[in-house]
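So the structure is just underneath, and the comments pick up after that.
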Amino acid sequence: MKNKLLHVTAFFVLALVFPERVSAQILYPTKGDQFSSATHKLFDEAYNQKQDSVTVPVVLVKFLASGNQVSTAALVEGYPKYNIPNLLLSLELPDLTAYSDTTVALWYLRKPERPTVGAVNAMLIVQAGQNEYAYFIDKNNNRNFTDDGGPMTFKRGEKQREVKINDRWIGSVEIVLQNLASEPLVLQEDSAPLTPVQPAVSTPRRNGAVTFHFISSLTSGSGDAFMQFDQLIDPAKPEEGSKNYKYEATYYASLNFNVGVAVSYRNLYLGVGGGAELLQIGQQDLTLVTTNKDGVRHSQFLNNRGNWPKTRAQVNAFAEYDIRLTRSLFLAPAVSYSRFKFLSGQSFTPEENRTDKVDYKDSYFYTLGGKVKYALNDKTLLFIEIFQKQNHFDASSYFHSIKPDSFEMGLKQVYGGIGVQVRLGVQ
């Protein structure tokens, strides 16, 4: 029995940290995925209704045949009222060749102020010798045990230790971990040992809780646009006076497709992407105001004037922050900045048929809005989004004799749409 993790009944103490520290005692077998009747009795006593906001649902499970995967099914079935997600967790394991046996503890971390929201966390308990244990703790809850600084072991005489786990959805949670070896053990001879776990195939490490995501969205927006400028007085015709041109248009719909990649740390996403947009334009008008040398103003309203651009390509940088609302629902405020180019080969007006090089210059927009995300599983989220887009460009090169610094424009649009977010590197 010296080099095997036998069917052991032990005490495992976990507690969430509060201004007044509370702990609940949990008795569980360190092998298998079912509780004994004695465990159920102690568990029911430890987790009564008064303690429900501070208790930590926990089970021990075996690795699946793949060697590095565990299922949360036992946790879901054991605690149905917590709405724990039923997941297949792929764990990146450390080098376990120095240990004789391994088991996995799954617990559902929660905070007392929001006990209905939580996250599944895994811990490896390994046996190095008779009554000698080490604990691999996934401190950043990214399913990767190779970036957490090695196993934790208790010093001689140490009965418990405080451990901090940072989860990207619920934030930082502190627990008190009880030393299994410091408690009296009751060995059960009729139990076979667990199958030793071999190290998983190594994959590139991630720093902290940094993960990568693919994001794609399809949105549509509408808004009103205008451009106006003053024209210099023609020296050959001073009697015509000054002229002010104001072009207006209604962008009543668009089809906007974007793809991008983002890196996330905890709840914050930073990313880059690109896409294209097809715009549909409705009414296009010109208001021409002429002021003669005597100061008399004359206004003309002309329909269907101006060739407003209808397509553009864009590249962007964006940031968003996830706020967890429920187990599967998130609210994410988002901002972005984009540079774009209108794909138009036409002059803005037939009468301004310029032969020199003209273009829309200094073209950019920024957006401010948010998303509501729904988690389909541990890897994929669907979202709906709404945002406002504030555009800027300089079209002054399309027009003759513009008075310096008189060009103004405005194009504010409101968008809504759907999208998908997929975490990369998760099987």
Side-chain angles (χ1 to χ4, degrees), residues 85 117 119 167-171 209-225 250-282 309-342 363-393 410-426:
V117 178
D167 180 80
R168 57 179 305 217
W169 304 123
I170 66 174
V210 172
T211 53
F212 295 88
H213 308 262
F214 170 79
I215 302 175
S216 178
S217 65
L218 185 65
T219 58
S220 180
S222 63
D224 295 324
T250 299
Y251 284 92
Y252 65 85
S254 72
L255 185 63
N256 183 39
F257 177 71
N258 270 285
V259 295
V261 292
V263 58
S264 68
Y265 179 74
R266 297 187 182 177
N267 293 21
L268 178 65
Y269 293 79
L270 298 175
V272 294
E277 183 173 14
L278 177 64
L279 301 144
Q280 290 185 310
I281 304 173
K310 298 178 181 179
T311 56
R312 63 178 164 186
Q314 60 214 18
V315 294
N316 57 70
F318 59 89
E320 54 191 69
Y321 189 87
D322 283 354
I323 301 171
R324 189 161 196 160
L325 302 178
T326 67
R327 178 173 61 90
S328 302
L329 203 62
F330 308 88
L331 175 66
V335 297
S336 74
Y337 174 83
S338 301
R339 303 293 298 192
F340 69 89
K341 179 177 178 60
F342 283 125
S363 303
Y364 65 86
F365 63 78
Y366 59 87
T367 68
L368 179 63
K371 301 176 180 179
V372 176
K373 302 180 181 181
Y374 177 77
L376 291 178
N377 50 47
D378 193 44
K379 179 179 180 179
T380 307
L381 296 95
L382 298 179
F383 62 83
I384 59 173
E385 64 178 325
I386 185 170
F387 57 90
Q388 185 179 79
K389 179 184 292 186
Q390 184 69 52
N391 298 267
H392 179 273
F393 56 82
L411 173 54
K412 185 181 293 185
Q413 298 164 283
V414 176
Y415 285 74
I418 59 174
V420 62
Q421 173 182 314
V422 180
R423 183 161 52 164
L424 302 176
V426 177

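When all heavy atoms of L381 and A375 are compared, the closest pair comes out as CG-CA, 4.0 Å. Considering all non-hydrogen atoms of both residues, T380 and N377 come closest at N-OD1, 2.8 Å. For the residue pair A276 and N256, the shortest heavy atom distance occurs at O-OD1, 3.5 Å. Heavy-atom minimum distance, A319 versus L270: CB-CD2, 3.6 Å. Nearest heavy-atom pair across R423 and H213 is CA-ND1, 3.7 Å. Smallest separation of non-hydrogen atoms from G417 and T219: CA-CG2, 3.7 Å.
Put simply, the side chain of Q390 does not reach to within 4.5 Å of the side chain of L368, judged on heavy atoms. Side chains of L255 and L218 form a contact here, defined as non-hydrogen atoms less than 4.5 Å apart. You'll find the side chain of R312 reaches within 4.5 Å of the side chain of N391, heavy atoms only. Side-chain contact check for K379 versus V422: some heavy-atom pair is nearer than 4.5 Å. A heavy-atom distance below 4.5 Å is found between the side chains of V272 and V261. Between F365 and L411 there is no side-chain heavy-atom pair separated by less than 4.5 Å. Side-chain contact between V335 and Y366: absent, with no pair of heavy atoms (C-beta onward) separated by less than 4.5 Å.
Heavy-atom neighbours of I418 CD1 from other residues, nucleotides or ligands within 6.0 Å: at or below the threshold of 12.
The backbone N or O of V420 sits nowhere less than 3.5 Å from a side-chain atom of S216 that would complete a donor-acceptor pair.
K341 NZ to F393 CZ: the interatomic distance, rounded to the nearest 0.5 Å, is 13.5 Å. Here the straight-line distance linking atom NE2 of H392 with atom CZ of R339 works out to 9.5 Å at 0.5 Å rounding. Atom-to-atom distance recorded for S222:OG and Y252:OH is 11.0 Å, nearest 0.5 angstrom. Taken to the nearest 0.5 Å, the NZ atom of K389 stands 8.0 Å off from the OG atom of S336. Summarising the geometry, atom CG belonging to L325 is positioned 13.0 Å from atom OH belonging to Y374; distances are rounded to the nearest 0.5 Å. Residue K310 holds its NZ atom at 9.5 Å from OH of Y251, rounded to the nearest 0.5 Å.
Only one option out of Y415, Y337, F318, F387 pairs with T367 in a side chain to side chain contact (heavy atoms under 4.5 Å, CB included); it is F387. Partner of K371 under the side chain to side chain donor-acceptor pair (under 3.5 Å) criterion, chosen from Q421, E385, E320: E320. S254 pairs in a side chain to side chain contact (heavy atoms under 4.5 Å, CB included) with only one of the listed residues (I281, L279, T311, L278), which is L279.
Between F342 and F340, the ring centre distance stays below 6.0 Å.
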